Amino acid sequence: MQTVTVNLVSTSAPRSYPIHIGADILTQPELLLDYLGQKRAAIVTNTTVGPLYLEKFRATLAAHDVVSVPIVLPDGEEYKNWETLNLIFDALLTHRCERNTPIIALGGGVVGDLTGFAAASYLRGVPFIQVPTTLLAQVDSSVGGKTGINHPLGKNMIGAFYQPQAVVADTSTLDTLPDRELRAGIAEVIKYGLIRDPAFFGWIESHIELLLERESSILIDAIKRSCQHKAEVVEADERESGMRALLNLGHTFGHAIENAMGYGNWLHGEAVAAGTILAAEVSQRMGMIGEGDVDRIRNLYVKAGLPVIAPNLGPEKYLHLMGLDKKVQGGKMRFILLEDIGRAVVHAGVPSPILTEVLTECTADA
Ligand code: NAD
Ligand code: GLY
């Protein structure tokens, strides 16, 4: 097992937390027992992950006298909303969960984001543990404390920063992950290489086949390195007042795609991949990177089986949806652009003609 620590400064209670990464570590409840002092926990999962892992996980906890309340949500990005959040509150109240009853998220990023937001607001905040079961959640969403839900007008628009007490990423759970979901997770792994680690980008290029074959040690290396990057960024800028925004490479375009195509139709990682190509095309037209760099990025996504052509929504619709992005400041859109493979910057001055050109020339009818 490998452990990465997220070191967070604290004025009162300790807030730093471990990310444990390894095969079959869900059967090691000692990783969690320190956080389960009440010997009672609520476990939030969904109708897909529940049948695969819930009872096994509950039995492991029960063997250590921890009683658990299962909360099973409908599966899908389209359920990342108020109604589903309320299902969690209903269950927590019905089962009289208390202020020191931890809530465990067992699932992908949708379950993690919903559960984290519920934990942040139930009784004004209860302990929260992430047990991510998708590659995307293991390399990104379970770490860093962004929680929340979608709004019909915009993706991830309602939420809270709320850090977990621990993350337990059991890589064996990835055995059951559909190929398409694995590829979507690889999009977020590639992101770390693109924004801050050219050597890692090269490593992904040379290990992409093994990643797609789910070679265990290669997956663990990719998850560990991704979590180290995420931890470093979150430690430096927990609330995204600066460099954390770089983690949103491709997301301004990607969130617009997810919203316009209907939540769940394009997976988050797929929208990020196609969105990153648009960001790279803008960067190239701004004279920041060369055409060869854009081709290199595109080739890696193609090898990873990810989409590289964003849907043609029309520039107006893109601009309208991107105007709701959380990075907008003083009404001005800010984009994450590439100065090189391995170096990203926040840019507030992308000329409209360049945006319109990219959104017209580099998209295709869906
Ligand atoms: P997801 O949670 O929808 O999971 C993908 C699918 O895989 C679902 O059908 C799920 O039920 C299923 N699944 C999960 N684990 C499985 C397993 N082990 N075996 C078989 N099936 C399994 O999607 P995701 O890609 O994990 O997360 C995407 C979400 O994460 C988006 O809502 C995105 O906005 C959010 N996100 C949040 C952050 C953050 O920092 N909080 C970062 C990136 C993405
Ligand atoms: N996934 C973006 C962030 O955590 O900031």
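Because the structure is a prediction, the values reported are computed rather than measured. Atoms within each ligand, like the ligands themselves, are counted from 1 in listed order.
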* Might you work through the side-chain contact (heavy atoms from CB on, under 4.5 Å) test for L61 and V67, ending with a clear yes or no? => CA-CA 7 Å; L61 295 180; V67 176; over 6 Å; no
* Residue portion contacting ligand 2 (non-hydrogen atoms closer than 4.0 Å) for K230 ->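 Side chain only.
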* Under a 4.5 Å cut-off applied to non-hydrogen side-chain atoms, are L114 and I88 in contact? ->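 Yes, at least one pair of side-chain atoms sits under 4.5 Å.
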* Below 4.5 Å, heavy atoms only, C-beta onward: do T60 and V66 meet side chain to side chain? ->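 The answer is no, as the side chains (C-beta and beyond) never meet within the 4.5 Å cut-off.
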Which option, [options], owns the non-hydrogen atom nearest [atom]?
atom                    : options              : answer
atom 42 (C) of ligand 1 : S141, A105, P178     : S141
atom 1 (N) of ligand 2  : V272, D140, N248     : D140
atom 8 (C) of ligand 1  : L73, D75, L135, T133 : D75

Relative to ligand 1, is [X] under 4.0 angstrom through side chain, backbone, both or neither, heavy atoms considered?
X    : answer
L52  : side chain
L177 : both
N156 : side chain
K230 : side chain
N46  : side chain
V110 : both
K146 : both
L174 : neither

For [atom], the protein heavy atom that lies nearest, with its residue and separation:
atom                    : answer
atom 5 (C) of ligand 1  : E181 OE1, 3.2 Å
atom 30 (O) of ligand 1 : G109 CA, 3.4 Å
atom 43 (C) of ligand 1 : D140 OD2, 3.6 Å
atom 34 (O) of ligand 1 : K155 NZ, 2.8 Å
atom 19 (N) of ligand 1 : T176 OG1, 2.7 Å
atom 4 (O) of ligand 1  : T134 CG2, 3.6 Å
atom 13 (N) of ligand 1 : V49 CG2, 3.7 Å
atom 28 (C) of ligand 1 : L136 CD2, 3.8 Å

Can you sort out which atoms of ligand 1 are near [X], meaning under 4.0 Å from one of its heavy atoms?
X   : answer
K80 : 31 (C), 32 (O), 33 (C), 34 (O), 35 (C)
Y53 : 18 (N)
T48 : 11 (O), 21 (N)

* Less than 4.0 Å between a side-chain N and a carboxylate O, is that true for D197 and K191? -> no
* Asked: Can we say E205 and K303 salt-bridge, meaning some charged N sits less than 4.0 Å from an Asp/Glu carboxylate O?
  ->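 K303 and E205: not salt-bridged.
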* On the 0 to 90° scale, with breaks at 30° and 60°, tag the F89-Y122 ring pair as parallel, tilted or perpendicular. => parallel
* Asked: How are the rings of W82 and F117 set relative to one another: parallel (under 30°), tilted (30 to 60°) or perpendicular (over 60°)?
  ->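 Judged by the thresholds at 30° and 60°, the geometry between W82 and F117 is tilted.
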Consider only side-chain N and O atoms of [X] and [Y], and report whether a donor and an acceptor are under 3.5 Å apart.
X    : Y    : result
T134 : E181 : no
T363 : Y318 : no
N156 : K146 : no

* To do: Compute the ring centroids of F201 and Y192, then answer whether they are less than 6.0 Å apart.
  => no
* Could you list the residues that satisfy ring-ring contact (aromatic ring centres under 6.0 Å, His included) with F200, not counting sequence neighbours? => W203
* Common cluster, L194/L247, ILVMFWY with side-chain heavy-atom separation under 4.5 Å ->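 Yes; tracing contacts between hydrophobic side chains, which count when under 4.5 Å, links both residues.
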* **N or O contact, D113 vs ligand 1, cut-off under 3.5 Å** =>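 Yes; at least one N/O pair falls below 3.5 Å.
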* Structure fact -> Taking every heavy atom of A231 against every heavy atom of V4, the minimum-distance pair comes out as CB-CG1, 4.2 Å
* H251 N/O under 3.5 Å from ligand 2 N/O ->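 N/O-N/O distance under 3.5 Å: no.
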